[in-house]
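See structure below.
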Amino acid sequence: LPRVNDLDASATGDVPAAEAREAFRRAAELAADYLEGVGDRPVLSRNRPGDLLAALPAEPPSGEERFEAIFADFERLIEPALTHWNHPGFFAYFAISGSAAGIAAETLAAAANVNAMLWRTSPAATELEERTCDWLRQMMDLPAAFRGHINDTASISTLLALAAARHRALPESRERGLAGGPAPVVYASVHAHASVDKAAMTLGLGLGGVRHVPADGSFRLDPSALRELVRQDRAAGRLPIAVVATAGTTSTTSVDPLRRVAELCQAEGLWLHVDAAYAGSAAICPEYRTLLDGLELADSIVVNPHKWLFVPVDCSVLYTRGYAPLRDAFSLVPAYLETEEPEVLSLMDLGVQLGRRFRALKLWMVIRRFGVEGLRRRIRAHCALAAELKAAIEREPGFALAAPVPFSVVCFRALPAEDPNDDAATDRFNQELLRRLNAGGRGFLSHTELSGKVVLRWAIGNLRTTRERVFEVWDQARSIAATLRAEGVR
Ligand SMILES: Cc1ncc(COP(=O)(O)O)c(C=O)c1O
């Protein structure tokens, strides 16, 4: 082995400072060029499966390469294989955006590269997370008792919330697991996100530990059906522990009757977790906050600023009533992580992972750059655009709205020329319409299934989306539907 003094810093350290500066400058330019021109690209990559894999060397480079060559390959190979989520025509799933403030913050967070596990491993990460989560709490008009922290995704936030619920109902499970005790059950509507089922699988409840509660005609959980399922489970000796209500379901953005569900949870001693991953952002506007009446009664709430608050992926805030429910479920401090600071928050106590990224920086910079009013204005603009699109769909012969539009997602079906009551034929018609529309490259929509029928989903939520783009793609949808009818597709 060489002795340390023999090591050449230029061969063992990072690249020279001047080269690093040039690389950052080039990356910033590439990012700016990308964002300015992204709307001219097809939203979906034109790659076929395996194209990129085949273009990438199977072996890693044994010697060093120049940034110039690496950036060139980014443009040549990686960019064409991107699906452009930051695109004005991205209307699939939940349309999201990385804003300039968030992108700049991610750059700085990467430079600092802190691991926010303990207060002392970066006071900035811990305290900025406390402060920005409290800003968002105020913006969402939630009681001061709620304390937030940031996870990567809503799936993890929901997992942690249900772990806290499990701990409250069965504290002994922390030591001995679930064996030998009553079977715990959680409840969520048939329209709840699959992350609830995955959490149950992970927490040892199993998929059989989730009851999917029927919903009403507007896709909202039916509280009477919930009450009856809880009664049946208790009668069968099972242990109801929690209800997950959704504020903004994935398919239609419907909002479960939060107040009624909360009252039922209080009467039954059940933990109420509200999945507001999408619509929680809209709660910063007083007029949409009223649609989420009862949110303040929850035991835990998840909201994803990476969905609709223009923070780059990933940023999911989980609120609980104080940090104690999460600490009780998760805190486990080995000797090598003990610290001397008394009363500080250790983010590692709040979940499964020890290390975590410095995500608060991007939330902080986005809230500051836009201001609360600026964020509200953008959310309102998206909802107004969705309302206009909904009206256009309602007016259009041969199209039918498939669900109410409480926020910025419009669900609809196109109808074939003949026998629009033939559901299977209408499903095929919509699938073909979607395929051709998405192949066009100007807009990207996704689909869902409602009452067993294929429904097209138009999600507005990207910062770069314009009214012109929405109606350009709508005109395309109308003309593709007309072509399909003329071709007799059904
Ligand atoms: C209502 C709802 N909850 C949870 C999730 C999961 O989000 P994540 O990707 O952050 O885990 C989604 C994803 O779209 C969602 O729509």
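Atoms within each ligand, like the ligands themselves, are counted from 1 in listed order.
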Report task. Would you kindly say whether Ser316 and Asn304 are connected by a side-chain donor-acceptor distance under 3.5 Å? Result -> yes
**Report entry** Sub-4.0 Å heavy-atom approach of Phe94 to ligand 1
**Finding:** yes
Query - ring pair (Phe, Tyr, Trp, His ring centres under 6.0 Å) partners of Phe399, counting only residues at least two apart - result: Trp474
Query raised in the report: Should you measure from each heavy atom of Lys307, which atoms of ligand 1 turn up under 4.0 Å away?
Result: 7 (O), 10 (O), 12 (C), 13 (C), 14 (O), 15 (C), 16 (O)
Requested in this report: Among all protein heavy atoms, pick the one closest to atom 6 (C) of ligand 1 and tell me residue, atom and distance.
Outcome: His193 CE1, 3.3 Å
Query raised in the report: What is the closest protein heavy atom to atom 11 (O) of ligand 1, and at what distance does it sit?
Result: Ser155 OG, 2.6 Å
Report task. Look at ligand 1 and say whether Ser316 reaches it with a heavy atom at a distance under 4.0 Å. Result -> no
**Report entry** Numbered atoms and elements of ligand 1 in range of Thr250, under 4.0 angstrom, heavy atoms
**Finding:** 1 (C), 2 (C), 15 (C), 16 (O)
Requested in this report: Say whether Ser189 and His191, considering side chains only, have a donor N or O and an acceptor N or O under 3.5 Å apart.
Outcome: no
Query raised in the report: Within 45 degrees of the axis of the six-membered ring of Phe330 and under 6.0 Å from its centre: does Arg327 put its NZ or CZ there?
Result: no
Report task. Please indicate whether any nitrogen or oxygen in Asp152 is less than 3.5 Å from any nitrogen or oxygen in ligand 1. Result -> no
Query raised in the report: Should Asp328 and Arg174 count as an ion pair when the cut-off is N to O under 4.0 Å?
Result: no
Requested in this report: Go through ligand 1 atom by atom and flag the ones less than 4.0 Å from a non-hydrogen atom of His306.
Outcome: 10 (O)
Query raised in the report: Which ligand 1 atoms does Gly248 reach within 4.0 Å, using its non-hydrogen atoms?
Result: 1 (C)
Query raised in the report: Less than 4.0 Å between a side-chain N and a carboxylate O, is that true for Glu106 and Arg359?
Result: no
Report task. Between Asp275 and ligand 1, find which residue part has any heavy-atom pair under 4.0 Å and reply side chain, backbone, both or neither. Result -> side chain
Query raised in the report: Within 45° of the axis and under 6.0 Å from the centre of the six-membered ring of Phe146, does NZ or CZ of Arg321 qualify?
Result: yes
